[in-house]
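One structure below.
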Amino acid sequence: MKKNKAKLIIFTGPSGVGKGTMLADFFKRVDNKIVYSVSSTTRAPRDGEINGMHYFFISKEEFEQMINDNQFLEYACYSGNYYGTNKKFVDEKIAQGKSVLLEIELQGALQVMENCPDAVTIFIKPPTFEELENRLRGRHTETEEAIQKRLAAAHEELNNANKFHYIIENDKVEVAVDKLLEIYNKETK
């Protein structure tokens, strides 16, 4: 019997592509040999988001101190807010034999890919750019200015998709999650 291989898995795609929805389904269907890395952010929580579960919501000053103390595996400023991955958490989980899934923005994903060449990289793309815009607008959580920033960022993100090992189109969530499970099983078993 092959031993389970703990991996660092990078999961990214444009805002509004359905990463959170996919991951909620994925984690219901996957074994306990993988954990979700909760990122730190300086953005305000959205309705229903819980500190420590969805993100660690911290001040800009706290985040910048953590940068100075080299506590992040990666960090990025996206749409005016910082996001980052706690290095100690990732190292501890992998040492325990658990894979770690990082749901991070493109800038952070590229940093991790450079520093961790063995990471499994997965890019989630929308069926069309118009569908992505509809999903962002359908959330009703952001100003028009914020939506325009996210759409501009999405163009750059989609242009970088070919840098990832795997690309999954999220047209139908169940199908996209099946593909994600297939990748996970292939890479960790």
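Throughout, numbering of the chain's residues begins at 1 and tracks the sequence.
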**Report entry** Steps toward side-chain contact (heavy atoms from CB on, under 4.5 Å) verdict (Ser15, Leu132)
**Finding:** CA-CA 8 Å; Ser15 183; Leu132 181 69; over 6 Å; no
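- Residues Ile58 and Val90 are members of separate hydrophobic clusters, defined by side-chain heavy-atom contacts under 4.5 angstrom among Ile, Leu, Val, Met, Phe, Trp and Tyr.
- The nearest pair of heavy atoms linking Asn51 to Phe56 is OD1-CA, 3.2 Å.
- A donor-acceptor pair is defined here as one N or O able to donate and one able to accept, closer than 3.5 Å; such a pair exists between the side chain of Asn170 and the backbone of Val17.
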**Report entry** Residue pair Glu182, Lys186: steps toward the salt bridge (charged side-chain N to carboxylate O under 4.0 Å, His left out) verdict
**Finding:** CA-CA 6 Å; Glu182 193 176 298; Lys186 176 184 171 188; over 6 Å; no
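- If you chain together hydrophobic residues whose side chains sit under 4.5 Å apart, Leu180 and Ile9 fall into the same group.
- Residues Gln65 and Asp69 have side chains that bring a donor and an acceptor to within less than 3.5 angstrom of each other.
- Under a 3.5 Å cut-off, the side chain of Gln107 and the backbone N or O of Cys77 do form a donor-acceptor pair.
- In this structure, Tyr36 and Phe27 have perpendicular ring planes: the angle between them is above 60°, well past the 30° mark.
- Two different hydrophobic clusters hold Leu102 and Tyr82 under the rule that ILVMFWY side chains link at heavy-atom gaps under 4.5 Å.
- Residues Leu101 and Ile168 are members of one and the same hydrophobic cluster, defined by side-chain heavy-atom contacts under 4.5 angstrom among Ile, Leu, Val, Met, Phe, Trp and Tyr.
- With 3.5 Å as the limit, one finds no donor-acceptor pair spanning the side chains of Glu131 and Thr128.
- The pair Arg150-Glu142 counts as a salt bridge, with a side-chain nitrogen and a carboxylate oxygen less than 4.0 angstrom apart.
- In this structure, Lys33 contributes its side chain and Ser99 its backbone to no donor-acceptor pair below 3.5 Å.
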Query raised in the report: After noting the C-alpha distance and the side-chain angles of Glu74 and Ile104, does the key distance pass the side-chain contact (heavy atoms from CB on, under 4.5 Å) rule?
Result: CA-CA 9 Å; Glu74 59 77 31; Ile104 53 180; 3.4 Å; yes
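- The pair Lys87-Asp91 does not count as a salt bridge, with every side-chain nitrogen at least 4.0 angstrom from each carboxylate oxygen.
- Within the 3.5 Å criterion, the main-chain N or O of Thr121 finds a donor-acceptor partner in the side chain of His165.
- Distance check: Tyr184 OH to Lys189 NZ gives 4.5 Å after rounding to the nearest 0.5 Å.
- When only modelled atom types and interatomic distance are considered, Glu64 and Tyr75 share no side-chain donor-acceptor pair under 3.5 Å.
- For Phe123 and Phe11, the gap between ring centers reaches or exceeds 6.0 Å.
- Dense packing is recorded around CD of Glu49, with more than 12 heavy atoms of other residues, nucleotides or ligands lying under 6.0 Å away.
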Query - Stepwise side-chain contact (heavy atoms from CB on, under 4.5 Å) check, Phe72 with Ser40 - result: CA-CA 9 Å; Phe72 290 113; Ser40 298; 4.2 Å; yes
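- Note on Glu144 versus Lys149: no salt bridge recorded, every NZ/NE/NH1/NH2 to OD/OE distance being 4.0 Å or above.
- Of the N and O atoms on the side chains of Thr21 and Arg135, not one donor lies less than 3.5 Å from an acceptor on the other residue.
- Sorted by first and then second residue, the ring pair (Phe, Tyr, Trp, His ring centres under 6.0 Å) pairs involving residues 90-119 (not counting sequence neighbours) form an empty list.
- Put simply, the side chain of Thr188 never gets that close to the backbone of Ala6: no donor and acceptor are under 3.5 Å apart.
- By the criterion of side-chain heavy atoms lying less than 4.5 angstrom apart, applied directly or through intervening Ile, Leu, Val, Met, Phe, Trp or Tyr residues, Val112 is grouped together with Ile122 in one hydrophobic cluster.
- The neighbour count for Lys125 NZ, taken as heavy atoms of other residues, nucleotides or ligands under 6.0 Å away, does not exceed 12.
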Requested in this report: For side-chain contact (heavy atoms from CB on, under 4.5 Å), just list the numbers for Met113 and Ile10, CA-CA rounded to whole Å, side-chain angles, deciding distance to a tenth of an Å, and then say yes or no.
Outcome: CA-CA 8 Å; Met113 288 162 64; Ile10 299 169; 3.7 Å; yes
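- The side-chain heavy atoms of Phe26 and Leu181, taken from C-beta on, include a pair separated by under 4.5 Å.
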